[in-house]
2 protein chains.
Amino acid sequence: MNHSPDVAQALRHAYLFAEMSEPHLQALVQGMADIHLEPGKALFRQGQPAERFYFLREGLVKLFRLSPDGDEKIIEIMRPGETFAEAVMFMGPQGRYPVNAEAINESRVYAFEQKVFLNLLRESNEATFGLLASMSRRLHMLVNQIESLTLQNATYRLVAYLLEQIPRDVKTSPEVQLTTPKGVIASRLAIQPETLSRILGKLRQGGLIEVHGHHITIRNVQALRDTVHLPPQE
Amino acid sequence: MNHSPDVAQALRHAYLFAEMSEPHLQALVQGMADIHLEPGKALFRQGQPAERFYFLREGLVKLFRLSPDGDEKIIEIMRPGETFAEAVMFMGPQGRYPVNAEAINESRVYAFEQKVFLNLLRESNEATFGLLASMSRRLHMLVNQIESLTLQNATYRLVAYLLEQIPRDVKTSPEVQLTTPKGVIASRLAIQPETLSRILGKLRQGGLIEVHGHHITIRNVQALRDTVHLPPQE
DNA sequence: CCATGGCCTTGACCTTGGTCAAGCGGCCCC
DNA sequence: GGGGCCGCTTGACCAAGGTCAAGGCCATGG
């Protein structure tokens, strides 16, 4: 199967490939693996030698850590068009995945050999800068996460999460469609599902939101921001 | 003043400069600024346009966030030989510092213009790979921090911190010298000073450690690991 | 049409660590 | 040498969120 044109097209949405020369990109597409994942299927486990990195084509993948007694903390939920595990390439020759990766929904990922990609990087600076940009974004994201875990409470984190889910451009009473089960969101926010449910209930009672299953209507964006002392606007 | 030889020597300890060609390094040394900081003096503030990045020559610098009501969370404590704020270079042209930086002790930092460094990166791949390595290490460090904030409790974090402070190679009853006031350590571990004090007291009562001001003797490394269910050895 | 199981909600209770307040000890500086 | 300050400790109390247990609500499949 030769999907090269549209595959290359899709890849260009990722920082990593955005600026890459056409021949280089083509070479990568030739060498990549197209992997199909059922919901709940693991892609890799923490501690495994990291030989590949990934581009999410369709579906939803969670990156997470497990505590000794099985509790799960989701570090990041990957969405289509994003790459992950690229940074591990530079952890030295014996690099290992620092997290687990598992499909939430049925998913399709493209896998690239790190060795191949590294060779390509050595002779192409545009690609390297794309990689630097994506790592720098991820660093910032993690710092934000640490801040909200330590300096803010559970309600803040949930509200911030909801506000992030509002599609750009929307001015009117925004509708948010939760893309994952609530338990997954809870783990991402480092709270228990019970607590998530209670906070949602509290916000609902306050008339700030309406909850219909996975569909949430935000009745008053500004009031919502105010409850957690977020500055107006975005 | 021309300290170039020993300055270059010191810079090579950082990943960022380790593999860099001698002429390039010399050029950077020529252009850098040598900054002296009194304890408590700010180097930069979150939100300021990021035009430089830094190498810590002497002293101790904290990177931290502030909550709206003044609580401080230290993200990282920089030690001599380390670079910081390099990643911001890739946040786009209007990059801003994502944290505050302030000297804990009297310190000396070298400051480099991002523009200059970026130009150099474009023509030198060794330097770029050094940068990638240091960003990748920092990513891993942040993920570890998120894990211990969410999946572990305060005692675990403190014990893990103490164990990290044990100098390599030591086999006998290890001595740890705290390099910063305990309040700083508390902020780094995201606990209150009172809690830090209590946990230390609990460990002391359990006969696991001895505390004499900033000097801590670990009486039983293995028992200490066991209290937080860390696997033996390192 | 009902049974099953997953996901979510709700209630009662508990634990960890935060908050507030008081006090101690060393250090610096007049 | 005394006053004051800072960093730390200790105690009493508190509250956010976790834990445990019991249902409810669908969707799915027999």
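Every chain is numbered from 1, with letters handed out A, B, ... down the list of sequences. Quantities reported herein were computed from a predicted structural model and do not represent experimental measurements.
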(request) Can you check each nucleotide of nucleotides 13-22 of chain C against protein heavy atoms at under 4.0 Å and return B for base, S for sugar-phosphate only, - for none, in 5' to 3' order? (result) ----SSBB--
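- Expressed to the nearest 0.5 Å, how far CE of B/M141 lies from CD of B/E76 amounts to 3.5 Å.
- Using bins of under 30°, 30° to 60° and over 60° for the plane-to-plane angle, the ring pair A/F53/A/F17 lands in the parallel bin.
- Nucleotide D/dC8 holds its C1' atom 10 Å from the CG atom of B/L196, rounded to whole Å.
- The two residues B/L151 and A/L66 make their nearest non-hydrogen contact at CD2-C, 3.9 Å.
- Rounded to whole Å, the distance from CG on A/L200 to C1' on C/dC8 is 11 Å.
- B/H36 is linked by a side-chain hydrogen bond (donor to acceptor under 3.5 Å, both in side chains) to B/E106, counting only residues two or more places apart in sequence or in another chain.
- In summary, the aromatic rings of B/F44 and B/Y54 are positioned with their centroids under 6.0 Å apart.
- Here D/dG18 presents its P atom at 11 Å from CG of A/L189, a figure rounded to the nearest Å.
- Here A/H214 reaches the OP1 or OP2 of C/dC8: one of its side-chain N or O atoms lies under 4.0 Å away.
- Counting non-hydrogen atoms under 4.0 angstrom, A/P193 reaches nothing in the nucleic acid.
- Between the CG atom of A/N105 and the P atom of C/dC7 there is a distance of 12 Å, rounded to whole Å.
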Sequence neighbours excluded and cut-off under 3.5 Å, please list the side-chain donor-acceptor pairs for residues 183-197 of chain B, or say none.
from: B/S187; atom 1: OG; to: B/E72; atom 2: O; distance (Å): 3.1
from: B/S187; atom 1: OG; to: B/I74; atom 2: N; distance (Å): 3.0

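- One atom, NZ of B/K182, and another, C1' of C/dG26, lie 13 Å apart when rounded to the nearest Å.
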